[in-house]
Amino acid sequence: MVLITPVLGQNQIAEEIGSFWLWEFFGRLHPMIVHFPIALLIFGAALELLSLRKFESKFRPAISILIIAGGISAIISAIFGYQLANSEGTTGAILDLHQQIGIGTAVLSIILLFFLVRVGKQPGDKTRILLFRSILFVTAIAVSAAGHFGGSLTHGEDFLTETLPWNQEESSIEKTPINLAVYQTELNPEREMKLIGEVRMVFAHNCYKCHSGAKIEGELRLDEKEYAFAGGENGEVIVPGNPKQSEIIRRINLRKGHKDVMPSKGELLSDQEKELLSLWIEKGAPWPDNAPQQSIYRVAELAPRKPVLPPSTNGLSNPIDIWVDDYFEKNNLQWSDPVDDRTYLRRIYLDVIGLIPSPEELEEFYKDSRENKREIWLQNLLNRDRDYAIHWLTFWNDALRNDYTGTGYITNGRYNITDWLYKSLESNKPYNEFVKELLNPTEKSKGFIEGIRWRGTVNASQRTEMQAAQNVGQVILGLNLKCASCHDSFISDWKLEESYAFANIFADSTLEISRCEQPTGKMADTRILWEELGDIDSAAGRSEKLKQLAENLVQPANGRMYRTIVNRIWKQMMGRGLVEPVDEMDNEPWSQDLLDWLATEFVDSSYDLKNLIYLIGTSKIYQAQSISYNSPDLILADDYKFSGAVRKRLTAEQFSDAVSQFVYPIFKKEDLRYNPEELNPEKGTKLDFARASLVANNSFLTALGRPNREIVSTSRDSQASLLQALELTNGTKLDSALRSGAKNWKSNYQTTEKLTEALYLKALNRKPLEKEVAVAKAAMGEVPEEEQIQDFIWAVLLLPEFQLIY
């Protein structure tokens, strides 16, 4: 990120080269005049194309005028452009190209004018006509090229091409989310070090290309404290305690295209990154003088640990509840009351198969008199293999960056794993085998570690081998290697060399280490991140290295891998992980004992994901009242105390499927990008509607929270957003479903009272209150019209009772 331009100001240039003011003035006329030759010569060439069959066409006088005006203005423009380059002191490869082509255009214009005169004298000479036309078309191409490079000088190299879809794809680089709320309060030593680490990570990913030891522009370095606070050639850029007076803050907040904005090329800083730097400076811009001798970062144990279960009290039998009760005792917390049957059934339906129970299913559940009916119904849901697989496909598609369309699929730079993934979920493949097939893949499962082959030039940290290392670290091991893929991490003890050694396992040949995108000439080793898990033969081929990696990582001794997956499933069911964020498993869990016990129990239970879900879903704490929070920051706070499941919002897929269930299908069967019906046609089971997890991403699902799966996504924001509100209010997908659904509801329910009762039962799994029926009658009368029904259904869909999982 260039903060101080190294180019001398215009007054300094004038003094250096003794430029006369008139030449500077003429030079600055270049941008005004340059548009004439571009427009006139291209228009002249276009008219010439229309006159190819007949030289003496009706356009001939106009063509001659355009060529004369265009040619003369091209010559004048080239002269003024030359003056502008000299007086402004601009340099660079693009300027050289622009200048060379501009001069060439001026020369071609002189030749073109010469032939125009010759052709005018002898209009029947076919050879001269051919030469004249050839020179005209070449001149038009040349002036277009000169104009393009001129635009690149003023607006940036990619000003014209950055809007093209394939170039937008190439710029998709993942940025790690920043939890700013952690730093809003007074900083303790641990939080201060974490803040410093995140600030330096922002510098590294955005600024080091131009402001580090490898390259120094504007005499500014930001990679070491001494240089960062010294500033650049124009003085200090960081004023501790005063963001408004800090030049760095001014520059990063300028609009794209501004002459002072930084970074001057590529993506600007995100709003979170800008806020982080401002907050850091406001806190006094802390930065330790020397790196600490001992690590200040918490490092979780790698080995498994199965703590002894405490004695059961209060009649508790589920081990999860026994651990939670022990936690409550130590933290003076109380158990909340269990939820009623309606809330429990709705909760397990949405969590296990992603659907809302029908009124008939709810009635059957009410009538079930068995004491253990909740356990029985949960197991029955888990046995609905197809519905289970379709629902959990969303969870794994996000994590494994698997999608049906998007970057790479057109150019074979990316591979879909949906068929393998769906079948693995439907068969409840043991998790250790699941991971082995991801790491040492078949043709069907290779998409995860193959990543995305971006077109064009990419950062060293985005090459496919490094993508594989980052994604395996994040998804399988709960480890953030993104920072350490560019330089030594500022948020952990992981080193650049260790990331490259891990990435080397996924490479066909030995990788050269690049630090902040600068090749070091040093070749990477080949090893797993933890030597306790075994060795990798560096001399082996890629397939053998992957086989060794798969065997070593899934062994029971890798307690981290199994803590990571049980933490993910816990969050999916309970709304908040034992460890947060779920991708940073070195953070302290709210209950280390429960996390360790669950992980070892998972291994002892043959790596059965459904068994893990059953264990959580039958616990007393899962069946207790959910907890709402005024702010998501409270859920992620360092001093968080667990007291129960966090209230969740329906995901984009759950909301879509619910609307499709009882209103009208949001998506058509033709929208399906994967159809489970085709797997076992002999079973005769058919989808009632197109499930949202099986369709490609679109504006509707994006608005409701489905992420861009070009990057790993292991958490979705459960908070409502403005985009979501706009989509639910004005979106065409929902509106179309409501219009069609209202017709069906009108034909099936003739009175407002019957319609209201049926709608509440299907949408909210309860009968309406008398006052709710009265409100419906007051709004629609005794016999509702279609438009009234449409509005009524829409109002119910917006109720928190519908949109939240209580």
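This structure is a prediction, so every number in the text was calculated from the model and none was measured. We use all heavy atoms of the structure for the numbers below, so side chains are in, but hydrogens, waters and symmetry mates are not.
Residues N397 and R709 form a side-chain contact, since some pair of their non-hydrogen atoms from C-beta on lies under 4.5 Å apart. Side chains of D398 and T714 form no contact here, defined as non-hydrogen atoms less than 4.5 Å apart. By the 4.5 Å heavy-atom criterion applied to side chains, L41 and I38 are not counted as neighbours.
Under the ring-ring contact (aromatic ring centres under 6.0 Å, His included) criterion, F506 pairs with F502, sequence neighbours left out. F655 pairs by the ring-ring contact (aromatic ring centres under 6.0 Å, His included) definition with F802, not counting sequence neighbours. With sequence neighbours left out, W287 forms a ring-ring contact (aromatic ring centres under 6.0 Å, His included) with no residue at all.
Here E450 does not pair with R414 in a salt bridge; the nearest charged N to carboxylate O distance is not below 4.0 Å. Between E224 and R200, none of the side-chain N atoms (NZ, or NE/NH1/NH2) sits under 4.0 Å from a carboxylate O, so this pair counts as no salt bridge. By the 4.0 Å N-to-carboxylate-O rule, E580 lies close enough to K571 to be salt-bridged with it. The pair D260-R250 meets the salt-bridge criterion, since a charged nitrogen lies less than 4.0 angstrom from a carboxylate oxygen. Between R716 and E653 there is a salt bridge, with a side-chain nitrogen of the basic residue lying less than 4.0 Å from a carboxylate oxygen of the acidic one. In this structure, K495 does not pair ionically with E497, as no charged nitrogen and carboxylate oxygen lie closer than 4.0 Å.
Considering all non-hydrogen atoms of both residues, S713 and P707 come closest at OG-CG, 3.5 Å. Across every non-hydrogen atom of L268 and L254, the tightest pair is CD1-O, 4.1 Å. Looking at every heavy atom in both residues, Q724 comes nearest to R649 through NE2-CD, 3.9 Å.
Without hydrogens or angle criteria, Y500 side chain to M466 main chain gives no donor-acceptor distance under 3.5 Å. Remark: the backbone N or O of P286 is paired with a side-chain donor or acceptor of W280 at under 3.5 angstrom. Side-chain N or O atoms of S246 include one that pairs as donor or acceptor with a backbone N or O of V239 at under 3.5 Å.
Cation-pi check for R576 over Y640 is met; the charged atom lies under 6.0 angstrom from the ring centroid and within 45 degrees of its normal.
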Side chain to side chain donor-acceptor pair (under 3.5 Å) for S699 and T702? Distances and angles first, verdict last. CA-CA 5 Å; S699 60; T702 298; over 6 Å; no
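More than 12 heavy atoms of other residues, nucleotides or ligands sit less than 6.0 Å from atom OH of Y404.
To the nearest 0.5 angstrom, L195 atom CG is 6.0 Å from L276 atom CG.
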